[in-house]
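Counting from 1, the numbers follow the sequence of the chain as shown. When a ligand or atom number is given, it counts from 1 through the structure's own listing order. Here the structure is a predicted model, which is why all the values come from computation and not from measurement.
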Amino acid sequence: MTEIDDVLVTRKIVERYSREFQELADVDVIIAGAGPAGLTTARLLAEAGKKVLILEKKLAPGGGMWGGGMTFPIVVIQPASKHLLDAVGIRTEDAGDGYYTADSIECVTKLCAAALDAGAKLWNAISVEDVMIRENRVTGVVINWAAITVAGLHVDPLTLGAKVVIDATGHDSEICHVIQRKAGKLDTPSGEIEGEKSMWAEIGERTVVENTREVYPGVYVIGMAANAVMGAPRMGPIFGGMLLSGEKAAKMILERL
Ligand code: 48H
């Protein structure tokens with residue numbers, strides 16, 4: 001058996017991380033947020049051969065999907081989005097009345113595994129705190145360790161370049177907020193973030209797909225963030241719209257890359 005040298009363990013980790021950091025300093029698509037919408041887009045873009053980097057500020061990917069409905073680990077989806085679960089081997093149950101259910105833990109783990117298997121890279125514990133803008137177009141993101149942000153330390157960040165940036169940060173729509181603060185106008189009815197409306201699943205599920213769009217040159221908003229930015233309702237523990245939003249964004253982005 002090989003002897004384990006503690007310092008060599010350190011070297012192996014730093015060696016690989018530095019190599020990967022160099023390779024991924026400039027990519028086709030950066031996705032901020034590893035919830036169901038971000039993971040679905042990541043898989044589809046990576047399957048199409050794009051260089052995709054997902055940045056997630058928490059340790060665990062999955063966003064709001066782990067907890068199902070009020071921590072009952074079950075989600076509901078509608079038939080129109082079932083193909084996006086089938087594609088990654090997530091088992092669904094026909095619950096009658098036009099609803100399917102799925103285990104939320106199985107959903108998160110398989111959506112994530114499928115994105116990685118397709119070639120997307122995911123870095124956790126990294127926050128996207130700002131964007132780079134050149135000639136009224138976003139050309140990349142500004143990142144910091146999430147632990148630094150949480151500790152409130154004054155540490156200057158680093159930057160990563162991307163042809164397209166996706167705001168998949170959920171309810172908080174953090175990337176759009178940064179753009180609004182720093183660049184002004186977004187492609188929304190008022191030119192500003194409209195704000196999320198209260199629960200109405202039927203409307204919210206439809207609008208989350210309609211609202212998936214390029215909201216500023218070089219930036220797409222998807223998933224719950226799309227409804228938050230466009231002034232549409234939340235929808236509770238129904239996740240099909242998140243997956244369909246991810247699918248729509250991938251199609252739109254592939255048409256231009
Ligand atoms: C890096 C960040 C940053 C940042 C946040 O919330 P999510 O699961 O987002 P979606 O859109 O894929 O799914 C929404 C769904 O989970 C949900 O909340 C629903 C359906 N709600 C309905 C209702 O009525 O409440 O994932 C977003 C991810 C999270 O993991 C965040 O930690 C991460 O984005 N994130 N990552 N940099 N600045 N901000």
Side-chain angles (χ1 to χ4, degrees), residues 30-44 53-71 73-78 81 84 102 104-105 107-108 111-112 115 122-131 140-150 157-160 162 165-179 181 195-209 211-212 219-230 232-250:
I30 284 179
I31 302 172
L39 290 172
T40 298
T41 306
R43 173 179 69 83
L44 293 167
L53 176 61
I54 313 164
L55 299 170
E56 168 55 52
K57 72 178 177 184
K58 300 225 167 105
L59 266 184
M65 204 175 200
W66 289 106
M70 213 183 76
T71 75
I74 308 289
V75 296
V76 167
I77 61 144
Q78 291 170 293
S81 50
L84 292 164
S104 64
I105 314 290
C107 285
V108 169
L111 287 174
C112 188
L122 193 160
W123 286 340
N124 61 351
I126 292 183
S127 273
V128 178
E129 63 169 49
D130 200 348
V131 291
V141 297
V142 178
I143 57 165
N144 220 325
W145 302 118
I148 285 178
T149 316
V150 170
L158 292 176
T159 49
L160 299 171
V165 171
I166 300 181
D167 185 346
T169 62
H171 294 274
D172 294 337
S173 50
E174 292 194 17
I175 311 310
C176 290
H177 273 92
V178 164
I179 294 170
R181 272 202 312 278
E196 183 184 305
K197 300 286 185 294
S198 57
M199 181 100 94
W200 191 348
E202 186 172 347
I203 307 291
E205 278 287 282
R206 176 168 52 75
T207 55
V208 76
V209 181
N211 290 335
T212 297
V219 178
Y220 287 78
V221 64
I222 73 172
M224 197 62 232
N227 271 5
V229 165
M230 292 294 287
R234 65 191 301 187
M235 69 298 289
I238 301 187
F239 281 79
M242 300 302 131
L243 309 181
L244 290 170
S245 166
E247 181 183 52
K248 177 180 170 184

Should [X] be counted as touching ligand 1, given the test is an N or O pair under 3.5 Å?
X: Val128; result: yes
X: Pro36; result: yes
X: His171; result: yes
X: Met242; result: no
X: Ile238; result: no

At what distance, to the nearest 0.5 angstrom, does OG1 of Thr207 lie from CE of Met230?
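If I round to the nearest 0.5 Å, the distance is 9.0 Å.
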Only residue of Met242, Arg43, Met65 satisfying side-chain contact (heavy atoms from CB on, under 4.5 Å) with Leu111 is Met65
Considering only protein heavy atoms, which is closest to [atom], and at what distance to one decimal place?
atom: atom 11 (O) of ligand 1; result: Met224 N, 2.8 Å
atom: atom 20 (C) of ligand 1; result: Gly236 O, 3.6 Å
atom: atom 32 (O) of ligand 1; result: Glu56 OE2, 2.6 Å
atom: atom 34 (O) of ligand 1; result: Gly33 CA, 3.1 Å
atom: atom 36 (N) of ligand 1; result: Lys57 N, 3.1 Å
atom: atom 9 (O) of ligand 1; result: Gly170 CA, 3.5 Å
atom: atom 8 (O) of ligand 1; result: Gly64 N, 2.8 Å
atom: atom 5 (C) of ligand 1; result: Thr169 CB, 3.5 Å

task: Determine whether Leu122 and Leu39 make a side-chain contact, defined as any pair of heavy atoms from C-beta on separated by less than 4.5 Å.
output: yes
Using a 4.5 Å cut-off on heavy atoms from C-beta on, say whether the side chain of Trp66 contacts that of Ile105.
->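 Counting from C-beta outward, Ile105 and Trp66 do come under 4.5 Å.
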Determine the minimum heavy-atom distance between [X] and [Y], stating which atoms define it.
X: Val131; Y: Val178; answer: N-CG1, 4.1 Å
X: Ile31; Y: Ala168; answer: CG2-CB, 3.9 Å
X: Gly240; Y: Ile77; answer: N-CG2, 3.7 Å

Determine whether a donor-acceptor pair (N or O, by modelled atom type, separation under 3.5 Å) exists between the side chain of [X] and the backbone of [Y].
X: Asn227; Y: Gly204; result: yes
X: Asp130; Y: Val142; result: no
X: Thr40; Y: Pro36; result: yes
X: Thr41; Y: Gly246; result: yes

Atoms in ligand 1 with a heavy atom of [X] nearer than 4.0 Å:
X: Ser127; value: 37 (N)
X: Arg234; value: 23 (C), 24 (O), 25 (O)
X: Gly223; value: 11 (O)
X: Ile126; value: 1 (C)
X: Leu55; value: 1 (C), 36 (N)

Would Ile143 count as a contact residue for ligand 1, given that I'm defining contact as a non-hydrogen atom of the residue lying under 4.0 Å from a ligand atom? no
Inset, instruction - For Asp172 and ligand 1, answer yes if some heavy atom of the residue is under 4.0 Å from a ligand atom, otherwise no. - result: no
Kindly identify the option in Gly63, Ala168, Ala201 whose heavy atom sits closest to atom 27 (C) of ligand 1.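 It is Ala168 that holds the nearest heavy atom.
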Considering only distance and modelled atom types, tabulate donor-acceptor pairs under 3.5 Å from the side chains of residues 56-63, sequence neighbours left out.
{"unit_1": "Glu56", "atom_1": "OE1", "unit_2": "Ala34", "atom_2": "N", "d": "2.9"}
{"unit_1": "Glu56", "atom_1": "OE2", "unit_2": "Lys58", "atom_2": "N", "d": "2.8"}
{"unit_1": "Lys57", "atom_1": "NZ", "unit_2": "Glu174", "atom_2": "OE2", "d": "2.7"}

Residues passing the ring pair (Phe, Tyr, Trp, His ring centres under 6.0 Å) test with Trp123, sequence neighbours excluded, are Tyr17, Phe21
